[in-house]
Number of protein chains: 2
Amino acid sequence: MAERKRGTVRDLRRDNRSVLLRALYFGEPRSRQELSAETGLSPASVSNVVRDLMNEGIVVEVGSVDSDGGRPRVLLRVNPEYGQVIGVDVGETRVQVELFDLAMTERAKADYPLEHGHDPSEVVPRILAGVEAVMADAGVDASSVLGVGIGVPGVVRQRPEVIVEAQTLGWYSVPLERLLRAGTELPLLIDNGANTMGRAELWFGSGRGARNAVIGLIGSGVGSAVISDGSPDRGSDASAGEWGHTPLIVDGRRCRCGNIGCLEAYVGAEAMLERYTEAGGPPLSGDQETALASLILEAACPDTVAALIVDETVCYLGASIGGLINLLNPERIILGGWAGLLLGDRYLDALRAAASRHTLHHLYNTTSIELCRLGPDAVALGAATLPLENFLTG
Amino acid sequence: MAERKRGTVRDLRRDNRSVLLRALYFGEPRSRQELSAETGLSPASVSNVVRDLMNEGIVVEVGSVDSDGGRPRVLLRVNPEYGQVIGVDVGETRVQVELFDLAMTERAKADYPLEHGHDPSEVVPRILAGVEAVMADAGVDASSVLGVGIGVPGVVRQRPEVIVEAQTLGWYSVPLERLLRAGTELPLLIDNGANTMGRAELWFGSGRGARNAVIGLIGSGVGSAVISDGSPDRGSDASAGEWGHTPLIVDGRRCRCGNIGCLEAYVGAEAMLERYTEAGGPPLSGDQETALASLILEAACPDTVAALIVDETVCYLGASIGGLINLLNPERIILGGWAGLLLGDRYLDALRAAASRHTLHHLYNTTSIELCRLGPDAVALGAATLPLENFLTG
DNA sequence: CGAGTTAAATCAAGCCCTGAAATAAGCAGT
DNA sequence: ACTGCTTATTTCAGGGCTTGATTTAACTCG
């Protein structure tokens with residue numbers, strides 16, 4: 001991401017335009033006058049900028065509201081048809097591609113199972129095919145697509161070139177952007193899947209409006225996205241958010257990362273199932289997801305091995321959430337991921353209680369702990385917000 | 001802190017001026033030409049802004065360098081004599097006030113022991129007296145003082161009015177700014193002492209140039225300042241940074257915060273001494289500070305109780321540092337506080353090793369763990385950076 | 001149907017940044 | 001000392017931007 005230029009009077013215009021566009025995008029339809037009051041820009045400037053935006057087709061008028069006795073206010077909003085964005089979710093078992101209009105209404109979707117492994121040579125063609133397919137399906141031309149966002153399960157380094165390290169896919173230093181670039185002209189934006197999912201919740205889910213939040217994602221493992229002051233805190237190397245490897249139990253279980261006592265060694269689905277087996281729980285059938293579901297179902301009966309494991313997990317997770325609140329004082333903690341939701345659906349209150357036991361009072365009181373609201377497509381949706389954000393920034 | 005206005009062509013000027021002023025302040029003396037290249041502003045604009053700054057006396061010329069064959073470059077720098085800033089460190093036992101010029105050279109200092117308790121009615125007059133004293137001492141007029149920064153040991157809420165909660169002082173909801181306002185016209189800026197100390201390290205100590213860092217302060221307890229993307233991350237309520245209460249040992253020791261297993265229940269000076277006593281260590285004389293020093297000295301002999309406690313402490317602290325690195329991926333971890341330095345002086349390498357055992361490899365490799373470089377006056381120095389920052393921002 | 005009211009557009013003024021051109025301030029050689 | 005040559009800084013005209021004031025538009029109400 002190149003340093004955004006600043007300093008000329010033209011950049012000023014771009015900034016103001018962006019401010020207005022964002023206000024319109026994230027809020028209800030509004031009149032120029034209201035926009036002026038809201039953004040602090042003069043009515044004259046709002047008029048000017050809006051004229052440009054309307055000429056470009058980005059903003060449209062949508063009716064008007066009577067004002068007692070005067071000229072009615074004309075309501076404006078972003079034209080959802082102005083363009084489209086594409087979001088890609090690269091998972092361990094499939095590649096999912098979705099196309100959205102600017103209102104983030106899904107317009108087309110394509111799904112490609114990864115039956116022959118997940119080597120880049122398998123994945124890249126499917127992403128490209130998916131992008132073509134959704135554009136064809138939705139009947140839109142590449143020229144109106146603002147960009148493609150891609151969420152991958154691994155660490156994404158942005159500089160000097162986009163490089164993906166995804167152990168679970170067996171990807172080591174894969175120059176994903178370069179590989180895709182051979183097959184498309186569209187702007188490509190790549191980020192970690194947990195981050196894109198976090199973005200989705202932040203923009204359209206439980207995180208709406210929060211300026212400081214942590215989105216915790218519990219699936220097979222544990223990841224997170226830290227939002228500080230309205231934008232994701234990526235750390236020095238764009239690889240922040242490894243919540244799962246916070247030490248929680250000194251001299252504890254060995255984690256798959258090789259270290260000892262990590263949160264993920266207790267709280268991810270994989271760890272929960274292992275702990276269940278180690279504790280002598282009766283065997284569970286099915287894949288990880290169904291197994292964990294039965295585990296949690298069984299935990300409803302007190303005094304079972306499952307109940308013990310789940311209680312412990314809630315304790316551990318709550319404690320770690322408490323630590324996050326103490327350290328970062330976010331206004332919201334948002335819990336998601338398939339395993340997180342499975343757990344949260346039944347144990348959210350218990351989690352809150354566990355967290356409160358490890359949080360300084362005055363901090364706990366200014367924070368809320370909630371579940372993700374978006375479904376399984378959130379990774380793709382969040383990925384699609386990457387080009388959307390670029391569009392809004394101008 | 002009012003929302004900074006943006007959007008007019010005048011604000012643009014202010015921003016550009018600020019960019020130049022910061023570049024000059026933090027760097028070596030430089031020519032206009034170099035500034036232009038560095039900031040991206042046109043040479044013409046640099047000339048204009050610099051002319052203003054020189055007319056105001058903020059920037060001065062300091063010699064010139066020959067250029068091979070052409071007109072020599074005139075070197076510019078911020079005039080340290082343009083103004084002064086005052087930093088106040090409100091501690092549990094004394095109030096310290098220091099006056100600095102813009103180069104942050106100390107020009108005067110005043111110290112007031114708090115012999116009659118630390119009620120605001122004791123502290124406030126001493127702060128005011130100190131401010132007057134250092135101005136008189138340095139022979140500067142209030143009109144050239146840019147502001148007073150104050151670091152207090154507690155949680156500082158900035159809105160809607162500055163309110164300090166400082167349990168260790170027995171302060172509950174103290175409107176410190178309002179109380180001081182009765183006695184001075186100078187701009188007042190108040191923040192948590194750990195934060196101001198962190199600012200000092202970030203600006204002038206081990207943190208110079210870091211954009212993502214965590215400054216961990218270990219004294220009697222454990223606090224921290226999280227720097228994300230160049231500025232302190234204060235969380236939603238300006239009270240982030242409570243690293244000390246991160247859960248580290250499930251079912252562990254009770255912490256003075258009332259919760260269980262906090263880092264601070266193991267790693268602060270108070271906790272270390274308690275653990276030492278509980279483990280049957282021979283009694284240590286003197287106040288907390290000398291006691292801890294002897295404890296650490298004794299730990300040099302293997303197989304003593306002290307050695308056990310210190311080893312454990314290093315393990316715990318290292319683990320927690322690892323967690324910070326995983327979560328935030330900072331480029332630097334800076335360890336300070338009197339107890340932190342005492343420990344770090346002898347055990348920094350052990351700490352690094354302990355941290356690396358709890359950090360994902362690729363994250364550990366992009367981070368360095370260092371000790372604070374500034375002395376005991378860092379709180380006041382950091383507090384003084386508060387008005388300095390306002391000055392640089394314009 | 002005209003007076004009153006409110007919303008939006010237009011206009012002139014005032015700033016700001018920039019590239020180009022002009023000026024300043026040295027060096028090297030003669 | 002003088003003439004070119006080189007490089008740094010300033011000056012200047014041009015083009016943009018935002019803004020408060022002024023118009024114009026679009027209704028309501030009596």
Side-chain angles (χ1 to χ4, degrees), chain A residues 3-21 23-24 28-56 59-77 394, chain B residues 3-21 23-24 28-56 59-77 394:
Chain A
E3 182 83 22
R4 179 144 291 280
K5 195 169 181 315
R6 230 165 237 294
T8 105
V9 72
R10 233 145 168 167
D11 303 322
L12 185 58
R13 169 73 133 192
R14 192 177 33 61
D15 278 6
N16 286 339
R17 176 185 156 119
S18 169
V19 165
L20 285 173
L21 196 48
L24 274 175
E28 297 298 297
R30 273 187 302 258
S31 70
R32 294 166 174 78
Q33 199 202 160
E34 288 163 311
L35 283 171
S36 164
E38 197 173 323
T39 60
L41 264 60
S42 72
S45 289
V46 174
S47 257
N48 283 332
V49 173
V50 166
R51 172 158 26 79
D52 288 1
L53 289 170
M54 287 181 63
N55 285 341
E56 294 175 56
V59 163
V60 290
E61 301 187 339
V62 288
S64 58
V65 193
D66 296 0
S67 63
D68 13 301
R71 174 175 175 170
R73 287 180 287 236
V74 176
L75 298 183
L76 304 165
R77 66 160 185 182
Chain B
E3 182 83 21
R4 178 145 291 284
K5 193 169 179 319
R6 232 163 235 296
T8 103
V9 72
R10 231 144 170 170
D11 302 323
L12 186 60
R13 171 72 135 196
R14 192 178 31 62
D15 278 6
N16 286 339
R17 176 186 156 122
S18 170
V19 165
L20 285 172
L21 195 48
L24 275 175
E28 296 299 298
R30 271 186 305 258
S31 70
R32 295 167 174 76
Q33 200 203 165
E34 288 164 310
L35 283 172
S36 163
E38 197 173 321
T39 60
L41 263 62
S42 72
S45 289
V46 173
S47 255
N48 283 332
V49 173
V50 166
R51 173 159 24 79
D52 287 1
L53 289 170
M54 288 182 62
N55 285 340
E56 295 175 56
V59 163
V60 290
E61 301 188 338
V62 287
S64 58
V65 238
D66 297 358
S67 62
D68 11 302
R71 174 176 176 172
R73 287 179 285 233
V74 177
L75 298 184
L76 305 165
R77 67 158 184 182

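Every chain is numbered from 1, with letters handed out A, B, ... down the list of sequences. The structure displayed is predicted, hence computed values, not measured ones.
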Can you pull out the residues from residues 31-47 of chain A that lie within a 4.0 Å heavy-atom distance of DNA chain C?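 Output list: A:S31, A:R32, A:Q33, A:A44, A:S47.
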Is there a side-chain contact between A:R77 and A:V60, using heavy atoms and a 4.5 Å cut-off? yes
Could you check if a side-chain atom of A:V46 sits within less than 4.5 angstrom of a side-chain atom of A:Q33, using non-hydrogen atoms only? no
In Å and rounded to the nearest 0.5 Å, what is the OG1 to CG distance from B:T39 to B:L20? 5.0 Å
Taking only N and O in the side chain of [X], is any of them less than 4.0 Å away from OP1 or OP2 of [N]?
X	N	answer
B:N48	C:dC16	no
B:R71	D:dT9	no
B:R13	C:dC17	yes

Tell me: [atom1] of [X] to [atom2] of [N], nearest whole Å?
X	N	atom1	atom2	value
A:R51	C:dA7	CZ	C1'	16 Å
B:L12	C:dT18	CG	C1'	12 Å
B:R14	D:dC17	CZ	P	20 Å

Which dot-bracket string fits DNA chain D when only Watson-Crick or G-U wobble pairs with both atom distances under 3.5 Å count, crossing pairs get [ ], and | stands for a partner on a different strand? ||||||||||||||||||||||||||||||
Selected nucleotide, minimal atom distance to A:P72 side chain, candidates D:dT18, D:dA26, C:dA7: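 The closest nucleotide is D:dA26.
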